[in-house]
Amino acid sequence: MLEIILLGLAAIAFDAIVAFVMLVMAEILDWFLKLEQELDEKTLPFTVRGQLESGQYTVYQGLFDTTKDEVRKARKISARSLDARLRELHSRGDLAIYE
C-alpha cells in the first residue's frame with residue numbers, strides 16, 4: 001500500500017506546502033475534517049512520514065481513492081518535530097491510515 005501511495009504522490013500536484021515548528025495531530029485532523037464531504041468508504045485518509053538527515057520531518061497528508069488506486073488530494077508538510085500522538089501513530093511505520 002505504501003508503494004502505491006508514494007507513486008500517487010509523485011504523480012499529483014500538492015494542494016499546499018506548509019511548514020510548522022511542531023506538527024500536532026489537531027492540524028492533521030482539521031485538514032481531514034475540511035475535506036469531510038470527500039470521505040467515503042472507498043477513500044483512505046493517510047499520512048506518510050519521512051525524516052530528513054537534518055532531523056526535520058516531511059509529512060505527506062492525503063486522500064487515497066482505493067477504487068482508482070490514486071491519490072486524490074494531498075499536501076506536503078515540513079516540521080521540526082512531531083507531537084507525541086503523531087510519533088505514536090507512526091511508530092509502526094512511515095504510513096498511517098486514519099479510519
Side-chain angles (χ1 to χ4, degrees):
M1 176 67 77
L2 178 60
E3 293 82 14
I4 294 171
I5 289 175
L6 290 174
L7 285 172
L9 286 171
I12 73 163
F14 294 103
D15 286 343
I17 299 175
V18 293
F20 293 94
V21 173
M22 176 181 281
L23 180 58
V24 296
M25 179 64 93
E27 176 62 32
I28 297 293
L29 296 177
D30 185 52
W31 190 80
F32 285 139
L33 287 172
K34 288 178 184 174
L35 299 172
E36 186 174 15
Q37 71 280 3
E38 297 188 38
L39 297 173
D40 58 30
E41 67 278 349
K42 299 170 188 160
T43 304
L44 293 177
F46 71 88
T47 52
V48 176
R49 177 205 60 194
Q51 189 167 5
L52 306 173
E53 287 183 24
S54 66
Q56 292 197 30
Y57 293 91
T58 298
V59 176
Y60 299 93
Q61 180 179 14
L63 302 177
F64 183 75
D65 185 330
T66 59
T67 59
K68 297 179 182 177
D69 280 346
E70 68 182 21
V71 176
R72 283 199 317 227
K73 289 206 182 271
R75 70 176 182 161
K76 181 179 177 181
I77 306 165
S78 298
R80 290 188 190 160
S81 63
L82 306 178
D83 75 357
R85 289 178 67 194
L86 281 171
R87 284 194 312 272
E88 172 63 27
L89 190 61
H90 282 279
S91 66
R92 294 178 208 98
D94 292 332
L95 175 65
I97 304 292
Y98 298 74
E99 296 184 61

**Asked** Can you name the closest pair of heavy atoms from His90 and Ala96 and give their distance?
**Response** CE1-CB, 3.5 Å
**Prompt:** More than 12 non-hydrogen atoms from neighbouring residues, nucleotides or ligands closer than 6.0 Å to CD on Gln37, yes or no?
**Reply:** yes
**Asked** Quick one: does Thr66's side chain have a donor or acceptor within less than 3.5 Å of a partner on Lys42's backbone?
**Response** yes
**Item:** pair Phe46-Met1: side-chain heavy atoms closer than 4.5 Å
**Value:** no
**Prompt:** Around atom CZ of Arg85, are there more than 12 heavy atoms of other residues, nucleotides or ligands at under 6.0 Å?
**Reply:** no
**Asked** What closest approach, in Å, do Ile12 and Ala74 show between heavy atoms, and which atom pair accounts for it?
**Response** CD1-CB, 3.4 Å
**Inter-residue atom distance Leu44.CG - Arg72.CZ, 0.5 Å rounding** = 10.0 Å
**Prompt:** Roughly how far, to the nearest 0.5 Å, is the CE atom of Met22 from the CZ atom of Arg80?
**Reply:** 11.5 Å
**Request:** Under the side chain to side chain donor-acceptor pair (under 3.5 Å) rule, collect the residues that match up with Thr67, sequence neighbours excluded.
**Result:** Asp65
**Asked** Going by heavy atoms in the side chains, are Ile4 and Phe64 under 4.5 Å from each other?
**Response** yes
**Asked** For Met25, what are the other residues in its hydrophobic cluster, where any two members join if their side-chain heavy atoms are less than 4.5 angstrom apart?
**Response** Val18, Phe20, Leu23, Ile28, Leu29, Trp31, Phe32, Leu35, Leu39, Tyr57, Val59, Leu63, Ile77, Leu82, Leu86, Leu89, Tyr98
**Request:** State plainly whether one hydrophobic cluster holds both Leu7 and Val48, where clusters connect Ile, Leu, Val, Met, Phe, Trp and Tyr through side-chain heavy atoms under 4.5 angstrom apart.
**Result:** no
**Within 6.0 Å of CZ in Arg75, more than 12 heavy atoms from elsewhere** = yes
